[in-house]
Amino acid sequence: MPSSLFFARLVPNRPDFAMSMTAEEQAAMRAHGEFLQGQFAAGTLVVAGPVLDPAGVFGMAVFEAESLDEVRRLLERDPARAVGRYEVAPMGPNIVRPARPAGS
């Protein structure tokens, strides 16, 4: 089965999380960033970052994987699980542009 893209939304445990993180939560988010960098280097992560929704900031990521179960297993290792929960869904047919050349 070919790889597919999966959308993951990290929903924080509270609406004001981005503005009220404790030192422990900040450490978890730094570890989360390192985790995502590792997934990017491995070729599993396509794009990730915070979504600055006025109703509440949340994290998003798009992963390339063989199955939804594979993405769920991967996210079980994400340190951000200490500060929120993931909602994951397969994406339908998509259009993806190649990365821009450096300097453009």
Side-chain angles (χ1 to χ4, degrees):
M1 180 174 165
S3 294
S4 297
L5 297 179
F6 297 87
F7 177 80
R9 176 181 172 140
L10 176 60
V11 181
N13 289 334
R14 60 183 185 280
D16 68 342
F17 173 77
M19 285 90 43
S20 65
M21 280 188 271
T22 65
E24 196 171 88
E25 290 168 334
Q26 289 173 3
M29 293 307 290
R30 279 191 298 278
H32 166 65
E34 292 168 7
F35 171 81
L36 291 177
Q37 286 293 333
Q39 295 309 309
F40 186 76
T44 307
L45 178 64
V46 177
V47 63
V51 176
L52 307 177
D53 185 338
V57 175
F58 64 91
M60 65 75 60
V62 175
F63 293 93
E64 183 174 11
E66 297 295 324
S67 69
L68 182 58
D69 286 338
E70 181 182 336
V71 175
R72 287 182 174 147
R73 284 191 301 274
L74 174 81
L75 293 175
E76 286 174 6
R77 301 191 324 257
D78 186 348
R81 294 188 74 86
V83 300
R85 64 180 170 75
Y86 273 106
E87 297 172 350
V88 184
M91 296 177 67
N94 48 67
I95 299 172
V96 179
R97 74 165 173 78
R100 290 186 206 166
S104 65

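Bear in mind that the values here come from a model prediction, so they are computed numbers and not experimental data. The residues of the chain are indexed from 1 along the displayed sequence.
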Pairs where residues 80-94 contributes a residue and the test salt bridge (charged side-chain N to carboxylate O under 4.0 Å, His left out) is met, not counting sequence neighbours:
R85-E87
Please list all pairs passing the salt bridge (charged side-chain N to carboxylate O under 4.0 Å, His left out) test where one or both residues lie in residues 10-27, with sequence neighbours left out.
R14-D16, R14-E25
Check: F17 and V11 side chains under 4.5 Å, non-hydrogen atoms
no
Taking a hydrophobic cluster as the set of Ile, Leu, Val, Met, Phe, Trp and Tyr residues connected by side-chain heavy atoms closer than 4.5 Å, whether directly or through intermediates, do [X] and [Y] fall within one such cluster?
X	Y	value
V96	F7	yes
Y86	V83	no
L5	V51	yes

Heavy-atom closest contact ([X] atom, [Y] atom, distance):
X	Y	value
F40	V46	CE1-O, 4.1 Å
L45	V62	CD1-O, 3.5 Å
L75	A8	CD1-CB, 4.0 Å
A55	D53	N-OD1, 2.8 Å
E64	G43	OE1-O, 4.4 Å

Rounded to the nearest 0.5 angstrom, the CD-CE distance for E34 and M29 is 12.0 Å
Output the distance between atom CZ (F6) and atom CD (E70), rounded to the nearest 0.5 Å.
8.0 Å
If hydrophobic residues (ILVMFWY) are linked whenever their side-chain heavy atoms come closer than 4.5 Å, directly or via other members, who joins L52 in its cluster?
V57
Check D69, L10, V71 against V88 for a side-chain contact (heavy atoms from CB on, under 4.5 Å) and give me the one that passes.
V71
